[in-house]
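Report on the following structure.
Heavy atoms only: backbone and side chains are in, while hydrogens, waters and symmetry mates are out. The sequence lines fix the lettering, A, B, ..., with proteins before strands; numbering per chain opens at 1.
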2 protein chains.
Amino acid sequence: MLERSIQQFIERYLSVSFLVHKRGAALMKCELDDITHDQYYVLRYIHKRGVCTSTELADVFAVNKSAITAMTNRLVEKGMIARGKDEDDRRVIALSLTEKGRKWLEETEQNVYELVETIMTKLSHEEIEQFIQTYEKLAMILQEMEENK
Amino acid sequence: MLERSIQQFIERYLSVSFLVHKRGAALMKCELDDITHDQYYVLRYIHKRGVCTSTELADVFAVNKSAITAMTNRLVEKGMIARGKDEDDRRVIALSLTEKGRKWLEETEQNVYELVETIMTKLSHEEIEQFIQTYEKLAMILQEMEENK
DNA sequence: CAAAATAGTTCAATTGTTTAACTATTTAAT
DNA sequence: ATTAAATAGTTAAACAATTGAACTATTTTG
């Protein structure tokens, strides 16, 4: 039997997390013109890593590799990313941003940052720091859970 | 120009929030057999409200009404919800859980709660409480932003 | 070297979504 | 009281994200 307070935490968490994700996505969509919310995060991730593979993206975003193939196809069609060869392993496709993709991302990050900023500045620095720290702990816990499965 | 610390917060928040949502959804999917992640949250919401309308769901989840029509069609086909009439306004469709839907949700909540619990109990009560409070503030801020648009 | 593992793609199917056009009903304005 | 505007919901066409199974090509391993 679950402890009562934990049960209430879970209830509140489930209610609020889905809402914030949905509403946040709806707001961000306004800044992304042609690119979808999901595609934006893939571009962000590739940019942060410089170069990455389908398998890595599939692991990070917890989806099948075929979902990544479909996504990257769309991003290649839009001219945002390019597929390259890996010297060491000819099975591997190296994904990276094109010049167009890099420019688009830099411009868009500006607008996204401004959007997130108008929200964040309604909280104190301490509160934001604490919130993000806990969020990062959750991310690590989830990652460990998947690895031990 | 953005303050440097705020910019780092935004960077960390964007990175972590998408990941936690994706990985959380992937984990929850295991508990939901035939029902999708999105459908689960719709069922939860209807259950919490007792009865609700398409328009309300569209507002809450920040999607178009036609998306709700499609979703509710699938949930009706699966026997989880029913469409009823509204006495006062014959345009309105009253959505509610069927007996099957109510039972399924109660059983499933048990499993979902256990899943979330194994994650949450790795944090202290104080940390969880603070995290959820901030999350709820964010939800309110997002709601206000949409209302003033 | 043969078998097993890995990286990625293809294809068919399902789900969630948007937009525009539509029906039915209610509210409001003159 | 009647008409015009607003509201609730549906339909249809299109696209994006996803899964799962079957597949090719390459590398690793026993």
Side-chain angles (χ1 to χ4, degrees), chain A residues 18 21-30 32-43 45-46 51-78 80-96, chain B residues 18 21-30 32-43 45-46 51-78 80-96:
Chain A
F18 193 72
H21 177 80
K22 280 289 212 176
R23 291 171 170 280
L27 272 176
M28 273 181 60
K29 224 187 70 174
C30 307
L32 302 182
D33 39 89
D34 195 30
I35 297 295
T36 69
H37 190 237
D38 287 310
Q39 287 169 2
Y40 168 69
Y41 281 100
V42 169
L43 290 177
Y45 185 84
I46 296 176
V51 169
C52 82
T53 67
S54 289
T55 301
E56 182 177 352
L57 285 173
D59 283 347
V60 168
F61 294 115
V63 297
N64 281 6
K65 285 191 295 183
S66 54
I68 300 297
T69 300
M71 278 265 270
T72 50
N73 279 342
R74 289 180 209 110
L75 288 170
V76 168
E77 278 166 27
K78 288 178 181 172
M80 306 300 265
I81 66 175
R83 288 189 167 98
K85 306 242 168 189
D86 183 298
E87 301 288 295
D88 302 336
D89 188 336
R90 288 192 298 170
R91 291 170 304 182
V92 174
I93 306 286
L95 301 169
S96 59
Chain B
F18 193 73
H21 177 80
K22 279 289 212 175
R23 291 172 169 281
L27 271 176
M28 273 181 60
K29 224 188 71 175
C30 306
L32 303 182
D33 40 88
D34 196 30
I35 297 295
T36 69
H37 190 237
D38 287 310
Q39 288 169 0
Y40 168 68
Y41 282 100
V42 169
L43 291 178
Y45 186 83
I46 297 175
V51 169
C52 83
T53 67
S54 289
T55 301
E56 182 177 352
L57 285 173
D59 283 347
V60 168
F61 293 115
V63 296
N64 282 5
K65 284 190 297 184
S66 54
I68 300 296
T69 300
M71 278 266 270
T72 49
N73 279 341
R74 291 181 204 110
L75 287 170
V76 168
E77 277 165 27
K78 288 178 181 173
M80 304 301 265
I81 67 175
R83 288 188 166 98
K85 305 241 168 189
D86 183 300
E87 300 289 293
D88 302 336
D89 188 338
R90 289 191 298 169
R91 292 170 303 183
V92 174
I93 305 286
L95 301 170
S96 59

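The interatomic distance linking A:Asp89 (CG) with C:dA5 (P) rounds to 17 Å, in whole Å. Whole-Å rounding puts the A:Arg83 CZ to D:dA25 P distance at 17 Å. If you measure from atom CG of B:Leu75 to atom C1' of C:dT15, you get 11 Å, rounded to the nearest angstrom. Per the geometry, CG belonging to A:Leu43 stands 14 Å off P belonging to D:dA16, to the nearest Å. Atom pair A:Asp88:CG and D:dT27:C1' shows a separation of 12 Å (rounding to whole Å applied). Between A:Arg74 atom CZ and D:dA16 atom C1' there is a gap of 5 Å when expressed in whole angstrom units. Rounding to whole angstrom units, CG of residue A:Asp38 and P of C:dG16 are separated by 14 Å. For the pair A:Gln39 CD and D:dC15 P, the interatomic distance rounds to 14 Å; values are reported in whole Å.
Contacts of A:Tyr40 classified as ring-ring contact (aromatic ring centres under 6.0 Å, His included), with partners at least two apart in sequence or in another chain: none.
Annotation: side chain of A:Asp59 is in contact with side chain of A:Thr55 (closest heavy-atom distance under 4.5 Å). A:Gln39 is listed as a side-chain neighbour of A:Met71, based on a closest heavy-atom distance under 4.5 Å. Looking only at side-chain heavy atoms (C-beta outward), A:Leu75 and A:Val42 come within less than 4.5 Å of each other.
Annotation: proximity of residues 55-72 of chain B to DNA chain D (heavy atom, distance under 4.0 Å) is found for B:Thr55, B:Lys65, B:Ser66, B:Thr69, numbered in ascending order.
Side chain of B:Asn64 to main chain of B:Ser66: no donor-acceptor pair is present (N/O by atom type, distance under 3.5 Å, no hydrogens or angles).
Nearest-nucleotide mapping onto DNA chain C: of A:Lys29 and A:Arg91, the residue sitting toward the 5' end is A:Arg91.
In this pair, A:Phe18 and B:Phe61 present their aromatic rings perpendicular. The plane angle is above 60°, beyond the 30 to 60° band.
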